[in-house]
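Can you keep this structure in mind? I'll have questions shortly.
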Amino acid sequence: IKTQFTKKKCIIIGKRKSDKENFTSSFGIKMNNEIIKFVDKIKYLGIILNNQLKLNDYFEYVIGKIGKKVKFLSHLRYNLSLQTKKNLFY
C-alpha cells in the first residue's frame, strides 16, 4: 500500500496545553522514516476538529461558505426577473 506522507497529520486531543507541548517535543511519530506532523486542528470526513474537540473552526468555515453564496444571490436580485426569482427561491 502506498501512502502520501504529505497528507499524514497527527493531533493530540486534550485540555492541558503543557501536556501536549511536552508530548510533541519529546516524541516524534515516524512512518517509513517520514516524520508525521503534529497539528492543532484537522479536517476529517468534512468536519474540522481542533485539539479540544470543539467545532468552532468548522462553524467559521461553514459560515464563510454560506456567506459567499448569500452574497452571490444578493447580487443576482437586481439582474433577474420576478418570475426567475420566484423559481429560484420557492
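For clarity, every value in this text was computed on a predicted model and none was experimentally measured.
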Rounded distance [0.5 Å steps], NZ in Lys68 versus NZ in Lys71: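 Result: 10.0 Å between the selected atoms.
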Would you say Ile63 and Ile48 are hydrophobically clustered, going by side-chain heavy atoms of ILVMFWY under 4.5 Å?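 Ile63 does not cluster with Ile48.
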Identified side-chain contact (heavy atoms from CB on, under 4.5 Å) counterpart of Leu55 within the set Asn50, Val62, Ile47: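 Of the listed residues Asn50, Val62, Ile47, the side-chain contact (heavy atoms from CB on, under 4.5 Å) partner of Leu55 is Ile47.
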Can you tell which of Asn87, Leu80, Leu82 makes a side-chain contact (heavy atoms from CB on, under 4.5 Å) with Thr84?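 Among the candidates, only Leu80 passes.
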What's the spacing between Asp57 CG and Leu49 CG if we round to 0.5 Å?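 These two atoms lie 9.0 Å from each other.
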Do Tyr58 and Leu53 sit in one hydrophobic cluster, given that two such residues count as connected whenever their side-chain heavy atoms are within less than 4.5 Å of each other, even indirectly?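 Same hydrophobic cluster.
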Do you reckon Tyr61 sits in the same ILVMFWY cluster as Val70, going by side-chain contacts under 4.5 Å, direct or chained?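 Yes.
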